[in-house]
Amino acid sequence: MNVQNPAKRRGAAEVASDIRKAIEGDVYRPHDRLPSERILSETHGVSRGTIRDALMRLEREGLVEIRAGSGTYVTSNDDLSGQKIIADARPLELIDTRFALEPHICRLSVLHAQEADFERLAALIQKMEENAHDRRVFSEADTEFHLELARSTGNSLLIWIITQINDVRSQDQWARMRRVTLDEQIIRTYNTQHRLILDALRNRNPERAAMLMKDHLETARRSLTRAAET
């Protein structure tokens, strides 16, 4: 069975979202074996590495089971309430949830992060800066930046929660809002804010890092609010 997908979609999060919808819509049913990585790669117009990343996301959600040497199978868990919450979450709900978590994630990063963590964050910022003209590449690096920040805390529960938040960011309504709100000017603003957050983390200043994250999220909230009113 093929899952049709617009050619513009390239990231693992977007591919995972499409396969998730197919599972929820009974295109793939419990215990079904998904098509091979090669077929999924051709169907979605992405590399096999991207397919593997997408399937790993779905496995973390409990939607599929990857069996070495056999393939990827839809799990028998019929409780998709978590996936429904993800699918139905509004962009402003996402921002409110991030407000509740990410400033404190910054504080924990100050306590636990190593220089290697900061280097990974810096590399993602550089990627975002180099792609201010490309909304898709910027957005993927931005998503990874916030996940990497959570990883730097060493807190597995927080990492899992941020992964779920990132799945919300892959939903169609978020993608539509991103197209409306993301332009080169706002991307430059976000990049400046990311730099300031990283500087505060490296300087081991937890409250400044938390304050800067709040400023960053408030900028995103204002942008989303304006877009919703138009």
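FYI, side chains are in, hydrogens and waters are out, and symmetry mates aren't considered; it's all heavy atoms of this structure.
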> What is the distance from atom CZ of Arg188 to atom CZ of Phe138, rounded to the nearest 0.5 Å?
Replying inline: 11.5 Å

> Hey, what do you get for OG (Ser47) to CD (Glu37), rounding to the nearest 0.5 Å?
Replying inline: 10.0 Å

>> Please determine whether side chain to side chain contact (heavy atoms under 4.5 Å, CB included) holds for the pair Gln193 and Leu212, giving the CA-CA distance in whole Å, both sets of side-chain angles, and the decisive distance to 0.1 Å.
In response: CA-CA 7 Å; Gln193 292 173 333; Leu212 289 167; over 6 Å; no

> Just by distance, do the side chain of Ser41 and the backbone of Val46 share a donor-acceptor pair under 3.5 Å?
Replying inline: yes

>> Quick one, Thr153 and Leu111 - any side-chain contact, counting heavy atoms below 4.5 Å?
In response: no

> Testing Val27, Ile23, Leu58 for side chain to side chain contact (heavy atoms under 4.5 Å, CB included) with Val74, which one passes?
Replying inline: Ile23

>> One thing to verify: whether Glu24 and Lys21 come together as a salt bridge, which I'm taking to mean a side-chain N less than 4.0 angstrom from a carboxylate O.
In response: no

> Considering all heavy atoms of both residues, which atom of Ala220 and which atom of Tyr190 are nearest to each other, and what is their separation?
Replying inline: CA-OH, 3.4 Å

> Do Asn131 and Ile187 have side-chain heavy atoms sitting under 4.5 Å apart?
Replying inline: no

> Between the main-chain N or O of Ala16 and the side-chain N or O of Arg57, is there a donor-acceptor pair closer than 3.5 Å?
Replying inline: no

>> Would Thr189 and Thr192 count as a side chain to side chain donor-acceptor pair (under 3.5 Å) here? Give the steps.
In response: CA-CA 5 Å; Thr189 298; Thr192 298; over 6 Å; no

> Counting N and O atoms only, with roles assigned by atom type, does the side chain of Thr143 sit under 3.5 Å from a partner on the main chain of Ser139, one being a donor and the other an acceptor?
Replying inline: yes

> Which pair of heavy atoms, one from Ser109 and one from Arg204, lies closest together, and at what distance?
Replying inline: O-NH1, 3.7 Å

> Hey, is Lys214 close enough to Glu218 for a salt bridge, meaning N to O under 4.0 Å?
Replying inline: no

>> Quick one, Glu102 with His146, criterion side chain to side chain donor-acceptor pair (under 3.5 Å). Give me CA distance, side-chain angles, the key distance, then yes/no.
In response: CA-CA 8 Å; Glu102 294 198 51; His146 289 274; 2.6 Å; yes

> Looking at side-chain heavy atoms only, is the closest gap between Asp32 and Tyr73 below 4.5 Å?
Replying inline: no

>> Would you say that Asn205 contacts Val110 through its side chain, given a criterion of any heavy-atom pair below 4.5 Å between the two side chains?
In response: no

>> Within the 4.5 Å heavy-atom criterion, are Gln164 and Ile161 side-chain neighbours or not?
In response: no

>> Once rounded to the nearest 0.5 Å, what's the spacing between atom CE of Met211 and atom CG of Leu196?
In response: 9.0 Å

> Less than 4.5 Å apart, any side-chain heavy atom of Ile162 and any of Ile105?
Replying inline: yes

> Are any non-hydrogen side-chain atoms of Leu201 and Asp117 less than 4.5 angstrom apart?
Replying inline: no

> Checking Asp183 side chain against Gln185 main chain: does a donor-acceptor pair fall under 3.5 Å?
Replying inline: yes

>> Salt bridge check, Asp199 against Arg202: does any charged N sit closer than 4.0 Å to a carboxylate O?
In response: no

> If every non-hydrogen atom of Leu40 is compared with every non-hydrogen atom of Pro35, which pair is closest and at what distance?
Replying inline: CD1-O, 3.5 Å

> So, does Glu59 use its side chain to make a donor-acceptor pair with the main chain of Val64 at under 3.5 Å?
Replying inline: no

>> If the test is side chain to side chain contact (heavy atoms under 4.5 Å, CB included), which one of Thr181, Asn191, Thr219 qualifies with Ile186?
In response: Thr219

>> Using every non-hydrogen atom in the two residues, find where Ala150 and Ile159 come nearest and quote the distance to one decimal.
In response: O-CG1, 3.6 Å

> What are the two closest non-hydrogen atoms of Pro103 and Arg98, and how far apart are they?
Replying inline: CD-O, 3.6 Å

> Roughly how far, to the nearest 0.5 Å, is CE of Met128 from CD1 of Ile125?
Replying inline: 5.5 Å

> Measuring from Asp134:CG to Glu140:CD, what's the distance to the nearest 0.5 Å?
Replying inline: 8.5 Å

> Going hydrophobic residue to hydrophobic residue with side-chain gaps under 4.5 angstrom, can you get from Val137 over to Leu147?
Replying inline: no

> Taking the side chain as C-beta and beyond, is there a heavy-atom pair between Asp96 and Arg221 under 4.5 Å?
Replying inline: yes

> Would Glu144 and Lys127 satisfy salt bridge (Lys or Arg N to Asp or Glu O under 4.0 Å), going step by step from the backbone distance to the final call?
Replying inline: CA-CA 11 Å; Glu144 187 64 23; Lys127 184 175 182 180; over 6 Å; no

>> With side chain to side chain donor-acceptor pair (under 3.5 Å) as the criterion, how do His194 and Asp142 come out once you've worked through the C-alpha distance, each side chain's angles and the decisive distance to 0.1 Å?
In response: CA-CA 9 Å; His194 288 143; Asp142 178 42; 3.2 Å; yes

> What pairs of residues pass the salt bridge (Lys or Arg N to Asp or Glu O under 4.0 Å) test when at least one of them lies in residues 66-75, not counting sequence neighbours?
Replying inline: Glu65-Arg67

>> For a side chain to side chain contact (heavy atoms under 4.5 Å, CB included) check, start with the C-alpha distance between Asp53 and Val15, then their side-chain angles and the critical distance, and finish with the verdict.
In response: CA-CA 9 Å; Asp53 288 345; Val15 173; over 6 Å; no

>> Once rounded to the nearest 0.5 Å, what's the spacing between atom OG1 of Thr225 and atom CG of Leu92?
In response: 5.0 Å

>> Determine whether a donor-acceptor pair (N or O, by modelled atom type, separation under 3.5 Å) exists between the side chain of Arg33 and the backbone of Ser70.
In response: yes

>> How close do Cys106 and Ala210 get, counting heavy atoms only, and between which atoms?
In response: CB-N, 4.1 Å

> Can you check salt bridge (Lys or Arg N to Asp or Glu O under 4.0 Å) on Arg195 and Glu129, steps first, answer last?
Replying inline: CA-CA 10 Å; Arg195 283 276 177 202; Glu129 291 171 342; 2.9 Å; yes

